[in-house]
Amino acid sequence: MAASIATVQTVKDLRTEVAKWRKAGETIALVPTMGALHAGHLSLVAVAKSRAKRIVVSIFVNPTQFGPKEDFKRYPRDEAGDLAKLTQAGTHLVYIPDMEEMYPQGFATKVSLPSLTEDLCGAARPNHFEGVATVVTKLLLQCASDVAVFGEKDYQQLLVIKQLVRDLNIPVEIVAAPIVREEDGLALSSRNFYLSPSERTTAPILHQVLSEVATALASGEGCDATSSAGRFKLEGKGFRVDYVAVRDPETLAPLFGPIRGPARVMGAVYLGTTRLIDNVPTAPKSR
Ligand code: AMP
């Protein structure tokens, strides 16, 4: 049997372990997660290993980023399975704080970035990004790693985190990792567990349609026409569409007309009660 992986539950113990590595001159990478780990999360661990000697993965299902009607209570949890996968992936330490450790009595601070979070996922999920920004700020300061790795799957979240690190001068490098997909194109997500067999058959169409929009944009079609066509197609396939949007990949500013540089095609949909998000990069074809 493989040796059991080291875990810590408190900031104090996390810092003690990290301090030992620092003393030995070793670099450290943090991979924040909410658990229910899949190959997408494990790809972040692989990226982390390419960037630092020691890997810390945090597992915390953060209540403040879920809306009152969202899935906090039924969010999948599988600590034993997660620890087995992380051992296999070569993680050195797993940080699993409890609620009291993260939000002790009297906790009062919020980190918010209104300009980046009022639209796209922020419009349908008020307070979601404030919850994410606050918990990620805490995790970055608790671990004080050299690097922290986040997936492009949650593209708006990635930009929020890059911005808060810049604004608050947190001494960590944010590294983006590409989206890991199923063979049929569906982006891996812990929420895919919720899909019924028929919803699971429909789900990959989200990626197909976003890719079609990206191809049309690359060949010179306009942002409005292509994103409207994408929305229409998704609705025809049974999705309830929250948004299909073409955005600047650095600022998330809306783009209009034919694109003149790199862009990100972003989409959020519901299948039944399950919310799915995805995004693909595009750029004008050189002519
Ligand atoms: P979560 O546990 O959903 O909060 O995700 C933890 C991290 O894993 C975030 O940085 C996500 O963007 C990333 N992630 C989730 N799914 C994928 C995926 N399919 N490919 C790459 N990264 C992912």
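Start at 1 and go down the list; that is how both ligands and their atoms are numbered. Values reported hereafter were calculated over all heavy atoms of this structure, with side chains retained and with hydrogens, waters and symmetry mates removed.
- Between R54 and E17, none of the side-chain N atoms (NZ, or NE/NH1/NH2) sits under 4.0 Å from a carboxylate O, so this pair counts as no salt bridge.
- Because its NZ or CZ atom is both nearer than 6.0 Å to the ring centre of Y194 and within 45° of the ring axis, R74 counts as a cation-pi partner of that residue.
- Listed for the S43 side chain is a donor-acceptor partner under 3.5 Å among the backbone atoms of G40.
- Y103 and N62 share a side-chain donor-acceptor pair at under 3.5 Å.
- Ion pairing between R247 and D119 holds under the 4.0 Å rule for side-chain N and carboxylate O.
- Relative to the ring axis of F239, R275 does not place its NZ or CZ within 45° and under 6.0 Å from the centre.
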Starting from the N and O atoms of ligand 1, find every protein N or O within less than 3.5 Å and list the pair with its distance.
{"unit_1": "ligand 1", "atom_1": "2 (O)", "unit_2": "M34", "atom_2": "N", "d": "2.9"}
{"unit_1": "ligand 1", "atom_1": "2 (O)", "unit_2": "H41", "atom_2": "NE2", "d": "2.9"}
{"unit_1": "ligand 1", "atom_1": "5 (O)", "unit_2": "H41", "atom_2": "NE2", "d": "3.4"}
{"unit_1": "ligand 1", "atom_1": "10 (O)", "unit_2": "G151", "atom_2": "N", "d": "2.9"}
{"unit_1": "ligand 1", "atom_1": "12 (O)", "unit_2": "G151", "atom_2": "N", "d": "3.3"}
{"unit_1": "ligand 1", "atom_1": "12 (O)", "unit_2": "G151", "atom_2": "O", "d": "3.2"}
{"unit_1": "ligand 1", "atom_1": "12 (O)", "unit_2": "D154", "atom_2": "OD2", "d": "2.6"}
{"unit_1": "ligand 1", "atom_1": "16 (N)", "unit_2": "L188", "atom_2": "O", "d": "3.4"}
{"unit_1": "ligand 1", "atom_1": "19 (N)", "unit_2": "V180", "atom_2": "O", "d": "3.0"}
{"unit_1": "ligand 1", "atom_1": "19 (N)", "unit_2": "L188", "atom_2": "N", "d": "3.4"}
{"unit_1": "ligand 1", "atom_1": "19 (N)", "unit_2": "L188", "atom_2": "O", "d": "2.8"}
{"unit_1": "ligand 1", "atom_1": "20 (N)", "unit_2": "V180", "atom_2": "N", "d": "2.9"}

